[in-house]
Amino acid sequence: MSSSLNRYTYNMYSKNTYSFFDNVYAVVRLIPKGHVTSYGAIAAYLGSKGSSRMVGWAMNSAHSVQPAVPAHRVVNRNGLLTGQHHFGTPGMMQQLLEKENIKVVENKVQNLKMHFWDPVIALA
DNA sequence: CGATTGACGTACG
DNA sequence: TCGTACGCCAATC
């Protein structure tokens with residue numbers, strides 16, 4: 001993952017953690033339209049398989065990052081839209097996904113396997 | 001500076 | 001199959 005030294009040096013991530021967050025953002029931005037991936041998959045791709053929570057934590061700050069991160073394409077292992085509450089208004093995340101032709105029922109991505117985009121495989 | 005807290009995931013009973 | 005326990009590691013209290 002090219003850290004791509006993004007120059008938006010956010011004071012809050014000016015440490016070595018900056019790399020991790022930047023990598024997360026970079027991967028998420030690489031998710032093709034109409035596809036989704038999971039926190040765990042991203043964590044695994046970054047080498048810290050058990051740090052899936054950190055990926056979620058990174059997304060927590062994603063809203064203040066530019067260019068924008070398509071966080072709505074990141075769901076949990078079950079395809080559940082666990083982070084929808086972070087999108088301002090409830091249902092917005094689902095709306096964004098459906099706009100990309102991804103069916104969402106009961107806050108869950110339908111046919112997840114078909115839309116799943118694994119960075120470990122895609123960026124191999 | 002120790003305790004708590006997550007947009008998670010796996011292991012276990 | 002379902003619920004609980006725990007690890008992961010930075011940020012926040």
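Letters A, B, ... are given to chains in the order of the sequence lines, protein chains preceding strands, and every chain is numbered from 1. Here the structure is a predicted model, which means the values were calculated and not measured.
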Hey, is the main chain of A:Val69 close enough, under 3.5 Å, to the side chain of A:Arg29 for a donor-acceptor pair? no

It should be established whether A:Ser38 places a side-chain nitrogen or oxygen under 4.0 Å from OP1 or OP2 of nucleotide B:dG9. yes

Are more than 12 heavy atoms from other residues, nucleotides or ligands located less than 6.0 Å from atom NE2 of A:His85? no

Whole-Å distance separating the CG atom of A:Asp22 from the C1' atom of C:dA10: 16 Å

Write down the distance between CE (A:Met54) and P (C:dA11), rounded to a whole number of angstrom. 9 Å

Expressed in angstrom and rounded to an integer, what is the separation of A:Arg77 atom CZ from B:dT10 atom C1'? 11 Å

Check every atom of B:dC8, C:dC8, C:dA11 against the side chain of A:Trp57 and return the nucleotide holding the closest atom. C:dA11

With the side chain defined as heavy atoms from C-beta on, A:Ser52 is closest, among C:dG7, C:dC9, C:dA11, to C:dG7

Rounded to the Å, how far apart are A:Asn76 CG and B:dA7 C1'? 9 Å

Check for a donor-acceptor pair, side chain of A:Ser51 on one end and backbone N or O of A:Met54 on the other, with a separation under 3.5 Å. no

With sugar-phosphate meaning primed atoms plus P, OP1 and OP2, does A:Ala71 contact a base, only sugar-phosphate, or nothing at under 4.0 Å between heavy atoms? base

Side-chain donor/acceptor of A:His115 to backbone N/O of A:Gly34, under 3.5 Å: yes

Take the protein atom CG of A:Asn60 and the nucleotide atom C1' of B:dT5, then report the distance between them rounded to whole Å. 11 Å

Sticking with atom P, work out how far C:dC8 lies from B:dC1, rounded to a whole angstrom. 23 Å

Look at A:Thr82 and B:dC8 and indicate whether a side-chain polar atom (N or O) is within less than 4.0 Å of OP1 or OP2. yes

Whole-Å distance separating the CD1 atom of A:Ile42 from the P atom of B:dC8: 12 Å

Along DNA chain B (nearest heavy atom to each residue), the more 5'-positioned of A:Lys49 and A:Met59: A:Met59

Check every strand shown and say whether A:Arg53 touches a base, only sugar-phosphate, or nothing at a heavy-atom separation below 4.0 Å. base

Quick check for you: among B:dG9, B:dA7, C:dC9, whose closest atom lies nearest to any side-chain atom of A:Ser51? C:dC9

Length of the CG-P vector between A:Asn107 and B:dA7, whole Å: 14 Å

Whole-Å gap separating C1' (B:dA7) and CG (A:Leu80): 11 Å

Any side-chain heavy-atom pair from A:Leu81 and A:Leu97 closer than 4.5 angstrom? yes

